[in-house]
Amino acid sequence: MDSISSETLEYLKRNNIPLEIYPEDKDLTDTEICIREIPEDAEIILIMSLTGRIDHVLTNLDLAMRLHGEGRDITATDGVTDVFFLKGDDMIGVTGLIDPVGLSVSLISPDEKDIARGASCEGLYYPFENADIPYGTGHFNSNSIAPGCDAFKVSIKEGKLMVFVTLKGL
């Protein structure tokens with residue numbers, strides 16, 4: 001946490017909250033250092049900003065994608081948008097949605113060389129089966145949950161895919 005404020009650092013010390021100090025000049029981000037301390041079989045919910053410093057946002061999403069590819073169970077969120085990661089022959093299912101009408105689902109292929117192939121979905125307003133999702137396309141953005149559904153599923157056969165589930169209107 002090389003950018004931690006002096007007030008926050010003092011709060012941590014005053015409340016005996018364990019902390020490790022790393023040099024400002026290092027090869028890993030603070031986020032990656034923290035995540036590497038989490039047991040490999042633990043679920044990770046990465047609470048992060050999805051706005052502001054876009055370089056940090058993209059780095060953290062790429063990190064989460066890489067960690068998912070290494071077998072880590074990881075989801076990113078800012079409280080408005082949840083990001084799920086798929087790699088290889090992979091699938092996510094989201095069930096028990098309280099307000100499915102208020103959600104937008106976007107599918108983004110984050111890698112030009114490892115695009116999502118054989119993508120399919122169930123429970124979305126615009127269903128598709130065995131589609132390729134090219135890098136840099138917006139065609140699979142802003143889908144909705146199908147009327148009467150409180151769940152959806154997205155799968156791919158190969159490649160990489162990020163699934164963004166966002167509360168509409170925020």
Side-chain angles (χ1 to χ4, degrees), residues 1-88 90-112 114 116 135-136 138 140-145 150-154 156 159-170:
M1 296 185 347
D2 52 40
S3 58
I4 191 170
S5 70
S6 58
E7 294 83 18
T8 303
L9 183 58
E10 188 55 41
Y11 174 85
L12 295 173
K13 289 178 180 178
R14 187 173 55 252
N15 290 286
N16 296 318
I17 297 172
L19 91 125
E20 292 183 30
I21 306 290
Y22 289 85
E24 189 172 336
D25 294 332
K26 58 191 179 304
D27 292 333
L28 300 175
T29 64
D30 294 334
T31 302
E32 186 165 3
I33 289 170
C34 290
I35 287 176
R36 294 293 180 188
E37 293 294 319
I38 298 170
E40 289 189 16
D41 60 344
E43 176 186 15
I44 300 169
I45 300 174
L46 178 58
I47 300 171
M48 59 178 274
S49 173
L50 292 171
T51 62
R53 288 283 308 267
I54 195 68
D55 55 337
H56 286 254
V57 173
L58 291 173
T59 298
N60 286 331
L61 291 175
D62 285 346
L63 170 63
M65 183 86 251
R66 181 167 46 95
L67 292 170
H68 177 76
E70 294 173 6
R72 304 297 297 265
D73 180 8
I74 187 164
T75 304
T77 188
D78 67 355
V80 174
T81 298
D82 294 337
V83 186
F84 302 93
F85 304 90
L86 301 176
K87 182 170 178 24
D90 208 351
M91 183 271 301
I92 61 140
V94 177
T95 61
L97 298 170
I98 296 169
D99 182 17
V101 173
L103 297 178
S104 174
V105 179
S106 295
L107 310 177
I108 297 174
S109 182
D111 190 335
E112 181 177 24
D114 201 5
Y135 172 77
F140 293 88
N141 280 10
S142 301
N143 206 336
S144 299
I145 308 300
D150 69 347
F152 72 92
K153 184 188 311 184
V154 175
I156 60 173
K160 295 178 184 174
L161 187 66
M162 291 189 291
V163 179
F164 293 78
V165 181
T166 304
L167 295 171
K168 294 179 187 176
L170 294 178

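This chain uses plain numbering: 1 for the first residue, then up along the sequence. This structure is a prediction, so every number in the text was calculated from the model and none was measured.
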What one should report as the nearest heavy-atom pair of Ser109 and Ala116 is OG-N, 3.4 Å

Residues, nucleotides or ligands: over 12 heavy atoms within 6.0 Å of Ile45 CD1: no

Would you compute the distance between atom CD1 of Ile44 and atom CG of Asp73 and round it to the nearest 0.5 angstrom? 8.0 Å

Rounded to the nearest 0.5 Å, what's the gap from OG1 on Thr31 to CG on Asn60? Could you check? 4.0 Å

Residues that Phe85 engages under ring-ring contact (aromatic ring centres under 6.0 Å, His included), provided they are two or more places apart: none

Does any pair with a residue in residues 37-53 pass salt bridge (charged side-chain N to carboxylate O under 4.0 Å, His left out), and if so which ones, sequence neighbours excluded? Arg53-Asp55

Flag side-chain contact, heavy atom, 4.5 Å: Met162 against Leu61: yes

Are Asp114 and Lys87 close enough, and set up right, to give a side chain to side chain contact (heavy atoms under 4.5 Å, CB included), and what steps lead you there? CA-CA 9 Å; Asp114 201 5; Lys87 182 170 178 24; 3.6 Å; yes

Once side-chain contact (heavy atoms from CB on, under 4.5 Å) is applied, do any residues pair with Met91, and if so which ones, sequence neighbours excluded? Lys153, Ser155

Partners passing side-chain contact (heavy atoms from CB on, under 4.5 Å) against Leu97 (at least two apart in sequence or in another chain): Val94, Pro100, Leu103, Ile145, Phe152

In short, Gly79 meets Leu167 closest at the heavy-atom pair O-CD1, 4.2 Å

Scan Leu107, Asn141, Val83 and name whichever one has a side-chain contact (heavy atoms from CB on, under 4.5 Å) with Phe164. Val83

Can you sort out the partners of Ser144 under side chain to side chain donor-acceptor pair (under 3.5 Å), two or more places apart, ordered by chain and number? Lys168

With salt bridge (charged side-chain N to carboxylate O under 4.0 Å, His left out) as the rule and sequence neighbours excluded, what pairs involving residues 76-86 come up? none

To the nearest 0.5 Å, what is the distance between OH on Tyr135 and CG on Asp111? 8.0 Å

Would you call Ile33 and Lys26 a side-chain contact if the rule is heavy atoms closer than 4.5 Å? yes

Show me the pairs that pass side chain to side chain donor-acceptor pair (under 3.5 Å) and involve residues 62-72, at least two apart or across chains. Glu32-Arg66, Arg36-Glu70, His68-Asp90

Does any part of the side chain of Ile74, heavy atoms only, come nearer than 4.5 Å to the side chain of Ile35, both counted from C-beta? yes

Should Leu9 and Leu19 count as side-chain neighbours, where that means a heavy-atom distance under 4.5 Å? yes

Within a radius of less than 6.0 Å around CD1 of Ile47, do more than 12 heavy atoms belonging to other residues, nucleotides or ligands occur? no

Mind checking what makes side-chain contact (heavy atoms from CB on, under 4.5 Å) contact with Asp27, not counting sequence neighbours? none

Taking only residues at least two apart or on different chains, which pairs with a member in residues 95-107 satisfy side chain to side chain donor-acceptor pair (under 3.5 Å)? none

Identify, with sequence neighbours excluded, every residue that meets side-chain contact (heavy atoms from CB on, under 4.5 Å) alongside Ile54. Val57, Leu58

